[in-house]
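Written out below as structure tokens is the structure these notes cover.
First the proteins, then the strands, lettered A, B, ... as listed; each starts at 1.
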There are 2 protein chains.
Amino acid sequence: MIDIKDRVKSAAAAAKITTAEKAVEYIKDGMNVGVSGFTPSGYPKAVPLALAAKVRAGAKIKINLCTGASVGPELDGELAKAGALASRMPYQTNKDMRNAINAGEIAYTDIHLSAAAQNIRYGFLKNRRGIDLAIVEACVIKDLGNGQIGIVPTTSLGNTPSYVQTAKQVIIEVNTTQPVELEGMHDCYVPLDPPNRKPIMIEKPEDRIGTTYIPCPLDKVVAVVPCDVTDKTRSLAAIDEDAKHMGENLVDFFKAEVKAGRMPKNLLPLQSGVGSVANAVINGLVNSDFEDLTVYTEVIQDGMFDLIDAGKLRVASGTALSPSPDCLKKFYANLGKYKEHLILRPQEIANNPEVARRIGVIAMNTAIECDIYGNVNSSHICGTKLMNGIGGSCDFARSSFLSVFFTNSLAKKGAISSVVKFCSHIDHSEHDVDVIVSERGVADLRGLSPKERAPLIIDKIANPVYQPELKDYFERACKACGNSQTPHILTEAFDMYDRLAKTGTMVKK
Amino acid sequence: MIDIKDRVKSAAAAAKITTAEKAVEYIKDGMNVGVSGFTPSGYPKAVPLALAAKVRAGAKIKINLCTGASVGPELDGELAKAGALASRMPYQTNKDMRNAINAGEIAYTDIHLSAAAQNIRYGFLKNRRGIDLAIVEACVIKDLGNGQIGIVPTTSLGNTPSYVQTAKQVIIEVNTTQPVELEGMHDCYVPLDPPNRKPIMIEKPEDRIGTTYIPCPLDKVVAVVPCDVTDKTRSLAAIDEDAKHMGENLVDFFKAEVKAGRMPKNLLPLQSGVGSVANAVINGLVNSDFEDLTVYTEVIQDGMFDLIDAGKLRVASGTALSPSPDCLKKFYANLGKYKEHLILRPQEIANNPEVARRIGVIAMNTAIECDIYGNVNSSHICGTKLMNGIGGSCDFARSSFLSVFFTNSLAKKGAISSVVKFCSHIDHSEHDVDVIVSERGVADLRGLSPKERAPLIIDKIANPVYQPELKDYFERACKACGNSQTPHILTEAFDMYDRLAKTGTMVKK
């Protein structure tokens, strides 16, 4: 067995050390199980793998899995493939999980990431129960005395504090691959619920309001499980020409805003979505003249470590570290240096609209598609198939100082236009979209009515291959509706998807 | 001339008393004009009427009009008819204004009502200028000394504090029909902008954080204009059987939530949309056993005065009083009594997502239509024609403790189904809609995936006339998409609108 004695500072907790196979006995069919983890960082691995094995061996167990957001393959992938899940919330990105959701095998509730924990505390889960069992990864267990321990989280914080607080039973995985020096990086704070909630007293991204550990009564802890499976963080796609252009377009836009006096010289706290495009955009800032930047975001990716290396980032606040495997190595090797610039908070605080609006984040998120009026689809392919979910995009976009969305003008080698007549699914209405950036340019939509937005989006964002059709649609729609507020011809609004389904491309033959 | 000397306590301000016709000289073509007013309450009347007359007489003036929300006919109606407007934000409900917008004559920017003032302070208006001229209604002008006056607002607060603060020039209409006893009812507070903004320290609906007047440097005031035109508040439709059923359905739902321990006995602060249905719903509470209620909302309507009369309402916080003409008389006659229970705040605070989420409002808004997955259209008729706008619905729905939408199952005597396959316009995505109430029942959607939401919405909300078609669509869509996350057949998604356009009804022949 892996030796975790030096990491478990409470003798009473140490007495609960057991194997994943034993711990899994606490997981019963129909339970609401809340786990740590946000992106493939800081999620439990040993117990989920044992559960998958048990279900594969014939146990009839289907749980309702509540996470921070996406998690690693040992959890989402293995449990989905084993058929161990009845339902899933609030976000995922795993291929096997996605396939099971889109086959109707797992009921998936896609929830604003800042709202997931409070929804559970409010008793709003489908079965109206709270969390029955929490399974959380720790690097250290502290003895707080008076029957209390302190769980020191690892590479993410997610919903863990609320899951531990509300769960009837808690299983702690102590992961020996996670450095003990992670202690001190977290800021754990769970708000009271209405009518007793207080203001969240964060005025700057670096402000701390909580503890560096998650307090937990010892008598809730049913098992402590050693684990030496590493986080399976993902590589980022290489920054291609299009992504580079988007980053440059954004930097130029920022420069003009600063020059016009609408933004401070060091900008405002940056929020950046997850993934390769978002990372490429942040990279654009590494090569810019901006200094003393701050980040208040959900996920801390490679680009932000690069900004620290370049001496341009004062602080990055998030709920998860999600570096590429190479960047994770760099982080572990230089933990002391990076720790000075990083804070991990519960996602309820990292993504909190109250804080986002107060400090004035510049929200930068990726769109699957937008329509000619600037409505944005973040979650569905052709209106029906779930891609990942909304994640924190809505938390930030609406409450931002400025809401920017990125999209390549084309997808699938040109077979799909990212600018459509009417979005096949709408997660962000035009009211929450200030600026759209593609590799082709910037559509600055602030203060414009829908009929003023359309020509700009078609001109600056849409690809020339699709511009004539979109322009023609808009002009005919204006005529057909007598120039009403939002011109459409509903019988044609979705015809590009129909063409795609029938011919394999949205391009008109 | 109307005598306003006893209302203008500053001699320097009194020296600027002039006529509306003289004051109108300050309004130049292309100006951004910010006015007081929210619903037909507390808006300037004399100067707008003089402007409309001047434009009708041939003056070439088109202004960009920024209000709180909808305003009275002397302002929106007369200026629209006179052709005196180039653009309009952030909300309206006037027939002539709506027609001009839907004819493409006025560029209308529909903005979250909590965000309008900060957008202007941020410099995000289309022409990137702030407010050139503010025209605001007052009941009293106080002398604050040091070259400062205090403008005491009247029956609404809206965006007035920010317009006065940022305008280059200010015209004050002192309205003698507004009682001087209104003084003391307002709580004026303008937040600093990022990166300097502080928490908004409201923890309960009754908390006060500002001043009872709007401070204004005397040297900005270019004219003080007497006015004796009354607020043109609107009558509410009689409460019909359907509205009564909706109110009863809601009260039953609340009772069950309290019984289950998910809400306190006196509920949580109520937010209620504007109009007859919303008022009818509040009326349902007048006849219930609930006591010690609180309201944190946008507009204070008749039902809330009835709740005060019934001794059931501790406090109502809003940005505007919008009583019916009869209720306005009752309010004026008993101002002292009602004032103890009422607070008017800037709409940026009344509708603030930070406060709404902290205190946990129960958001209750009216939908034009919803789709089978619970997306909601609040603003457009058949996807193209603007009705009014989003108003504050998004401010509250997403940041609420619980987001409830109301809709009759039918509109236009049954020719229109309020439940459709795919909303023709989406202002609220399914993620912001917890509960839908119609006269037929309650669809409690909390914690459900889209495929679990659809049967419930069809069963509880849709009218039996349309249920078979919606059920058939949903079932075929599930098959066509292999049970994907959000089943649709995009080629059929809008066919009910097409049928309506061609046959005058959505009913299948």
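- Contact count versus chain B (heavy atoms, under 4.5 Å) is highest, among A:Ile111, A:Asn127, A:Asn99, A:Asp110, for A:Asp110.
- Listed options B:Arg358, B:Arg98, B:His431, B:Arg262 were ranked by heavy-atom pairs under 4.5 angstrom with chain A; first place goes to B:Arg358.
- The two atoms that bring B:Glu452 and A:Ala107 nearest to each other are OE2-CB, 3.7 Å, heavy atoms only.
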Query raised in the report: Between A:Thr491 and B:Asp498, does a side chain to side chain contact (heavy atoms under 4.5 Å, CB included) hold up when you go through it step by step?
Result: CA-CA 7 Å; A:Thr491 48; B:Asp498 193 38; 3.4 Å; yes
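- Proximity to chain B is limited to the side chain of A:Pro264, based on heavy atoms less than 4.5 angstrom apart.
- The two residues A:Phe494 and B:Leu490 make their nearest non-hydrogen contact at CD1-O, 3.5 Å.
- Heavy atoms only, all atoms of each residue included: A:Pro194 and B:Ile359 are closest at CB-O, 3.4 Å.
- Note on A:Arg88, A:Arg398, A:Lys126: by heavy-atom pairs under 4.5 Å with chain B, the leading option is A:Arg398.
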Report task. Mind running side chain to side chain contact (heavy atoms under 4.5 Å, CB included) on A:Asn352 and B:Glu354 for me, showing each step along the way? Result -> CA-CA 9 Å; A:Asn352 197 282; B:Glu354 168 180 338; over 6 Å; no
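- Ranked by heavy-atom pairs under 4.5 Å with chain A, the first of B:Ala501, B:Pro487, B:Ser424 is B:Ser424.
- B:Ile426 CD1 to A:Asn377 CG: the interatomic distance, rounded to the nearest 0.5 Å, is 10.0 Å.
- A distance-only check finds no donor-acceptor pair linking the side chain of A:Ser449 to the backbone of B:Thr109 [under 3.5 Å].
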Query raised in the report: Checking side chain to side chain contact (heavy atoms under 4.5 Å, CB included) for the pair A:His112/B:Asp432: CA distance, chi angles, key distance, verdict?
Result: CA-CA 9 Å; A:His112 301 302; B:Asp432 296 325; 2.6 Å; yes
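- Relative ring orientation between A:Phe124 and B:Phe401 is described as perpendicular, the plane-to-plane angle rising above 60° on a 0-90° scale split at 30° and 60°.
- Between the side chains of A:His425 and B:Thr486, no donor N or O sits under 3.5 Å from an acceptor N or O.
- For the salt bridge (charged side-chain N to carboxylate O under 4.0 Å, His left out) test, residues two or more places apart in sequence or in another chain that qualify with A:Arg446 are A:Glu257, A:Asp444.
- For A:Phe422, the part sitting under 4.5 Å from any heavy atom of chain B is the side chain, from C-beta outward, and nothing else.
- Both the backbone and the side chain of A:Ser114 come within less than 4.5 Å of a heavy atom of chain B.
- Counting all heavy atoms, side chain and backbone alike, A:Thr384 lies closest to B:Ser484 at O-OG, 3.1 Å.
- Against chain A, the residues from residues 474-482 of chain B that qualify, each with a non-hydrogen atom under 4.5 angstrom away, are B:Cys481, B:Gly482 in number order.
- With a 4.5 angstrom heavy-atom cutoff, B:Ala260 does not touch chain A via any of its atoms.
- For the set B:Gln118, B:Lys198, B:Lys385, B:Arg128, the count of heavy-atom pairs under 4.5 angstrom toward chain A peaks at B:Arg128.
- Of the charged side-chain nitrogens involved, none lies within less than 4.0 Å of a carboxylate oxygen, so that B:Arg197 and A:Glu203 do not count as a salt-bridged pair.
- By a heavy-atom distance cut of under 4.5 Å, A:Leu386, A:Ile390, A:Cys394 are the residues of residues 386-395 of chain A near chain B, going up by number.
- Contact of A:Asn119 with chain B is not made at all, since no heavy-atom distance falls under 4.5 Å.
- Both the backbone and the side chain of A:His488 come within less than 4.5 Å of a heavy atom of chain B.
- The side-chain hydrogen bond (donor to acceptor under 3.5 Å, both in side chains) test applied to A:Asn102 returns no partner, not counting sequence neighbours.
- Heavy-atom pairs under 4.5 Å with chain A were tallied for B:Lys204, B:Met201, B:Arg357, B:Met89; the largest tally goes to B:Arg357.
- Heavy-atom distances place both the backbone and the side chain of A:Leu448 under 4.5 Å from chain B.
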